[in-house]
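Reckoned from all heavy atoms, side chains included, excluding hydrogens, waters and symmetry mates. Because the structure is a prediction, the values reported are computed rather than measured.
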Amino acid sequence: MSVCSIKLDRVATKGGKLFLSGSLMCDSLGEHIPRLKAVFSCEGRTRRIPIPVLEEGEGYIEFSHVYLLDKLFFNYKNKSDVKVSFELWLGDENVEVESVTAETALPKGITADGCSLIVSEKIAKKKTYINIFELDLRSAVKRVVYTPMVWALGVYFGIYKKLHPVKKNRVTFMSGRRTELGGNMEFVWNELKDEKDIELKTMFFAQTSMMKMVKVLRKFLYLYATSRVIVVDDFFRLLNTFKRQEDTRIFQLWHACGAFKTFGYTRLGKPGGPHQFDKNHRMYDYAIVSSQEIARHYAEGFGISDTAVIPTGIPRTDIFFDSDYQKRIRSELCEKYPVIKDKKVLLFAPTFRGNGQVTAYYDIEKLNINELKETLGDEWVIIVKLHPFCRERFIVAEEYEDTIIDLSDVDELNDLLFVTDLLVTDYSSCVFEASLLNIPMVFYVFDLEEYVRDRDFYYEFESFAPGKIVETQNQLLECIKTGDFEQYKITDFKNKFFDNTDGKSSERVAQKIIDVVRGEV
């Protein structure tokens with residue numbers, strides 16, 4: 001049993017900012033990467049924010065961070081005291097912080113309460129002013145240029161809302177990255193479409209011109225003002241540009257399964273990470289996830305309260321429990337690619353490196369795809385499915401052109417899993433869907449240490465991966481030759497990341513939306 005305690009050498013407040021620095025002592029730190037969190041709570045709301053580690057040694061870590069108290073909760077001014085507690089995670093273990101002590105006297109307005117601190121309402125509700133000179137250039141320019149524009153749009157929308165009240169039965173599906181229904185939204189739409197007392201609307205656009213954007217904005221303002229429920233499945237910037245109606249509720253049907261790579265506010269202080277005062281994602285009333293186990297990670301990543309995350313299951317995974325759908329997709333793929341009909345299929349589906357779509361890449365030099373095919377022999381076909389962001393392509397030897405198929409630009413990855421006998425991947429979230437089909441997996445991670453440093457995970461990779469981990473091509477080839485895929489790990493993985501494996505996730509999400517529309521929650 002691990003024992004840990006926190007000593008705070010500085011606790012201070014200034015203009016709505018809370019300064020915390022100190023050290024944590026724990027007798028088992030050496031075995032795991034420590035993940036320390038500050039958990040703020042006020043009147044049923046919670047906000048979990050990571051505490052950056054400044055220095056780590058044998059049995060201790062040192063930390064320091066500044067928290068903006070009036071930015072903890074979205075569109076809510078603290079009306080009572082704020083409690084600050086601490087969480088320590090070592091691997092999958094939540095280690096209890098047994099004591100929190102201050103090396104110096106606590107400032108006025110802050111008191112100790114067991115292992116927590118209590119910040120008085122008077123301090124917690126003070127407005128924080130952001131010094132643009134302390135920001136990076138891009139963030140400073142955005143605040144200077146966009147703040148007056150957003151303020152003006154907000155005034156306009158405030159008047160607009162009074163002229164266009166909420167229609168209590170309207171549910172609108174929105175996306176700034178789609179042109180039509182798909183993914184989680186399509187599954188939920190199909191569950192709702194026959195409900196006679198619900199009016200369904202859509203607003204989809206992607207990469208539109210400035211002229212068309214005016215039309216898009218007009219439609220958005222109307223639907224945002226008049227919808228009881230807004231449904232999105234990805235980041236949608238317009239939602240945090242305008243303050244919604246009080247009766248409007250927002251559902252986030254996030255496109256990914258499970259919790260693997262860190263995202264959102266978990267990445268505070270890291271390259272590409274947000275600032276505490278950013279509004280991205282924080283307006284969600286409901287965010288769906290696949291299991292209670294990962295709810296805290298999504299609450300942290302989205303910057304929302306723990307109570308706003310609901311483990312209904314992911315709608316699009318319902319196909320993995322639909323045998324008729326699976327048979328149809330397998331038949332269609334075999335007809336489209338006859339070579340896979342009587343062969344075993346290795347699906348190579350890694351994720352991208354880089355900070356986003358513009359800089360995304362995959363180092364194809366790290367895998368000799370022709371040598372891999374030679375090792376597999378004639379009974380196997382390789383399907384390559386690189387991430388859509390990646391522009392690189394493998395050069396396939398002429399003799400293997402019929403048995404190495406690059407489908408990076410076509411077909412859904414999930415559909416390809418229905419013909420897959422072995423998945424070779426790295427840090428891709430497709431492992432969650434693959435586990436539902438009990439597909440053997442190999443994790444080819446030639447850059448694991450670098451990836452952990454730059455991107456990091458919610459779980460330590462070695463304990464997370466439901467299959468064999470290899471770091472070199474030779475290890476990969478040997479693993480395939482021996483058939484040592486450590487497939488026994490899949491069952492525990494699946495049980496951890498999926499609370500429901502009944503094919504009814506869409507139904508549960510739809511029912512939650514219906515309950516909101518009918519005023520039953």
Side-chain angles (χ1 to χ4, degrees), residues 6-22 24 36-52 63-88 97 99-132 134-135 139 143 147 151 154 240 243-244 246 264-269 273-285 287 296 298-309:
I6 289 177
K7 290 185 178 179
L8 298 170
D9 53 39
R10 186 189 183 205
V11 180
T13 61
K14 183 180 179 181
K17 295 181 179 180
L18 173 65
F19 300 81
L20 293 178
S21 63
L24 176 142
L36 186 61
K37 324 277 185 179
V39 183
F40 298 84
S41 55
C42 179
E43 295 189 334
R45 295 169 174 80
T46 57
R47 179 79 189 278
R48 184 178 281 102
I49 302 178
I51 301 178
F63 60 86
S64 181
H65 204 48
V66 182
Y67 298 94
L68 313 182
L69 295 173
D70 69 328
K71 304 295 189 296
L72 292 174
F73 311 109
F74 184 75
N75 282 347
Y76 171 78
K77 295 181 179 179
N78 302 315
K79 299 175 182 177
S80 62
D81 297 347
V82 173
K83 181 179 180 180
V84 188
S85 55
F86 300 89
E87 281 185 357
L88 175 66
V97 177
S99 65
V100 176
T101 57
E103 298 291 276
T104 58
L106 294 174
K108 185 178 180 181
I110 297 183
T111 57
D113 180 22
C115 296
S116 306
L117 299 176
I118 304 297
V119 181
S120 71
E121 174 193 353
K122 185 176 180 180
I123 292 176
K125 68 181 182 181
K126 286 185 177 179
K127 186 172 179 59
T128 302
Y129 293 94
I130 308 300
N131 185 347
I132 62 171
E134 295 177 355
L135 303 177
S139 298
R143 287 191 71 82
T147 298
W151 179 84
N240 58 37
K243 188 175 180 179
R244 69 186 182 207
E246 289 186 5
Y265 293 94
T266 302
R267 299 187 55 74
L268 283 172
H275 295 283
Q276 284 184 52
F277 54 77
D278 287 343
K279 295 181 179 180
N280 300 349
H281 298 299
R282 295 176 58 196
M283 74 293 299
Y284 308 142
D285 298 287
R296 66 180 184 275
Y298 276 77
E300 180 181 302
F302 287 145
I304 60 180
S305 182
D306 290 350
T307 56
V309 184

Practice task
Please work out whether the ring planes of Phe302 and Tyr284 are parallel, tilted or perpendicular, with thresholds of 30° and 60°.
Solution key: perpendicular
Kindly give the heavy-atom pair with the smallest separation between [X] and [Y], and that separation in Å.
X: Ser80; Y: Cys42; answer: OG-SG, 3.4 Å
X: Pro50; Y: Thr266; answer: CG-O, 3.6 Å
X: Tyr298; Y: Val309; answer: CB-CG1, 4.3 Å

Check whether any side-chain heavy atom of [X] lies under 4.5 Å from a side-chain heavy atom of [Y], and answer yes or no.
X: Cys115; Y: Ser85; answer: no
X: Val11; Y: Pro107; answer: yes
X: Glu103; Y: Lys7; answer: yes
X: His65; Y: Leu20; answer: no
X: Leu18; Y: Val84; answer: yes
X: Asn240; Y: Arg282; answer: no
X: Leu8; Y: Ser21; answer: no

Handout entry: NZ/Lys37: more than 12 non-hydrogen atoms of other groups inside 6.0 Å
Key = yes
Exercise for the section: Mind running side chain to side chain contact (heavy atoms under 4.5 Å, CB included) on Arg244 and Asp285 for me, showing each step along the way? Expected result: CA-CA 12 Å; Arg244 69 186 182 207; Asp285 298 287; 3.0 Å; yes
Practice task
Only counting residues at least two apart or in another chain, list the ones meeting salt bridge (charged side-chain N to carboxylate O under 4.0 Å, His left out) with Arg48.
Solution key: Glu87, Asp306
Nearest 0.5 Å please: distance from the [atom1] atom of [X] over to the [atom2] atom of [Y].
X: Lys122; Y: Thr13; atom1: NZ; atom2: OG1; answer: 11.0 Å
X: Leu36; Y: Phe86; atom1: CG; atom2: CZ; answer: 7.5 Å
X: Lys14; Y: Lys126; atom1: NZ; atom2: NZ; answer: 11.5 Å
X: Ile110; Y: Ser120; atom1: CD1; atom2: OG; answer: 7.5 Å
X: Tyr265; Y: Asn280; atom1: OH; atom2: CG; answer: 5.0 Å

Fill in the blank from the handout: Given the options Asp81, Leu117, Ile118, Thr111 meets side chain to side chain contact (heavy atoms under 4.5 Å, CB included) only with Ile118
If you look only at distance, which donor and acceptor atoms sit under 3.5 Å apart when one is on a side chain in residues 68-76 and the other is two or more places apart or in another chain?
from  : atom 1 : to     : atom 2 : distance (Å)
Asp70 : OD1    : Thr128 : OG1    : 2.6
Asp70 : OD2    : Thr128 : N      : 3.0
Lys71 : NZ     : Thr128 : O      : 3.4
Tyr76 : OH     : Glu43  : OE1    : 2.3

Practice task
Ignoring hydrogens and angles, tell me if any N or O in the side chain of Gln276 forms a donor-acceptor pair with the backbone of Val66 under 3.5 Å.
Solution key: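 Judged by distance alone, yes, a pair lies under 3.5 Å.
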Exercise for the section: Tell me whether the guanidinium CZ or amine NZ of Arg47 lies under 6.0 angstrom from the six-membered ring centre of Tyr67 and within 45° of its axis. Expected result: no
Handout entry: All side-chain contact (heavy atoms from CB on, under 4.5 Å) counterparts of Ala112, not counting sequence neighbours
Key =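 In terms of side-chain contact (heavy atoms from CB on, under 4.5 Å), with neighbours along the sequence ignored, Ala112 is linked to Leu106.
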Problem - side chain to side chain contact (heavy atoms under 4.5 Å, CB included) evaluation trace for Val119 with Phe40 - result: CA-CA 10 Å; Val119 181; Phe40 298 84; over 6 Å; no
Practice task
Could you give me the CA-CA distance, side-chain angles and deciding distance for Ser305 and Thr307, then say whether side chain to side chain donor-acceptor pair (under 3.5 Å) is met?
Solution key: CA-CA 5 Å; Ser305 182; Thr307 56; 3.2 Å; yes
